[in-house]
Amino acid sequence: MVQSIGICMILAVTTLTGAYFCLREKYRLQDLRELERAMVMMESQIRFLSVPLSEVLENISYQTKGQVGMLMQETAKAMAERTGETAEQIWETVWMRHISHTYLSVDDYQSILRFGKTLGYLDQEQQKNSTELFLTQKCRQIEHRLEKNGRLYYSMGFLGGLMLVIVLL
């Protein structure tokens, strides 16, 4: 009886661990899609409205959800204060402060910082191209990875638990 309960608990915990890794990837993809929405809005506002970057980021922050919207709002506020820092420095400072509150990986973070280096230095066409490059590269990579590994996480969790049960018996 105790052995059966132990087996069930091991299988449940390892399967839930697999589910955790799968959900973490899904939430990461959601954060990246929200960032993608923000970048598309940024691109269109820079291109068609020709407003300052701080206003663009503030407008975007009202239209995006979650941590991405909060990060855009904080970046806009820091840029509006005009403390003498460049747009790149402000972007990096804000993202460094809040990256732990998102599901983004270190690789995503590095890509976001590389994108931030282009803020304020490029003309509208180059800014548009930089945004498109960032978006297509990141989101395709994550969608492919989630599609490939989504079920794998669940299966590996269950099979890992099954292997552990067999070894313990």
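Scope of the values below: all heavy atoms of this structure, side chains included, with no hydrogens, waters or symmetry mates.
Atom CG of L71 is separated from atom CD of E34 by 11.5 Å, given to the nearest 0.5 angstrom. Here the straight-line distance linking atom CE of M41 with atom OG1 of T64 works out to 5.5 Å at 0.5 Å rounding. Atom CG of L32 sits about 10.0 Å away from atom CE of M39, to the nearest 0.5 Å. A distance of 12.5 Å separates NE2 in H101 from CG in D31, rounded to the nearest 0.5 Å. Between the OG1 atom in T93 and the CD atom in E88 there is a gap of 10.0 Å [rounded to 0.5 Å].
Every residue was checked against the side chain to side chain donor-acceptor pair (under 3.5 Å) condition with Q73, not counting sequence neighbours, and none meets it. For E25, the side-chain contact (heavy atoms from CB on, under 4.5 Å) test picks out R28, R145, L146, Y153, with sequence neighbours left out. With sequence neighbours excluded, the residues satisfying ring-ring contact (aromatic ring centres under 6.0 Å, His included) with Y103 are Y27. For the side chain to side chain donor-acceptor pair (under 3.5 Å) test, residues two or more places apart in sequence or in another chain that qualify with Y20 are R24. Judged as a side-chain contact (heavy atoms from CB on, under 4.5 Å), and not counting sequence neighbours, the contacts of T15 are F158.
Side-chain heavy atoms closer than 4.5 Å link hydrophobic residues (I, L, V, M, F, W, Y) into clusters, and following such links, possibly through other members, connects V165 to L159. I7 and V167 end up in different hydrophobic clusters when Ile, Leu, Val, Met, Phe, Trp and Tyr side chains are linked at under 4.5 Å.
Across A76 and S54, no two heavy atoms sit closer than the pair CB-O, 3.3 Å.
Listed by first and then second residue, the salt bridge (charged side-chain N to carboxylate O under 4.0 Å, His left out) pairs involving residues 154-169 amount to none (not counting sequence neighbours). Judged as a salt bridge (charged side-chain N to carboxylate O under 4.0 Å, His left out), the pairs with a partner in residues 52-77 (not counting sequence neighbours) are, in order, E74-R97.
Side-chain atoms of S61 never come within 3.5 Å of backbone atoms of M70 as a donor-acceptor pair (strictly under, hydrogens ignored).
V2 belongs to no hydrophobic cluster with other residues, because no ILVMFWY side-chain heavy atom falls under 4.5 Å from its own, directly or through intermediates. In the hydrophobic clustering, L152 connects to M156, either directly or through intervening members, whenever side-chain heavy atoms lie under 4.5 Å apart. Hydrophobic cluster membership for Y62: none, as no Ile, Leu, Val, Met, Phe, Trp or Tyr side chain comes under 4.5 Å of it.
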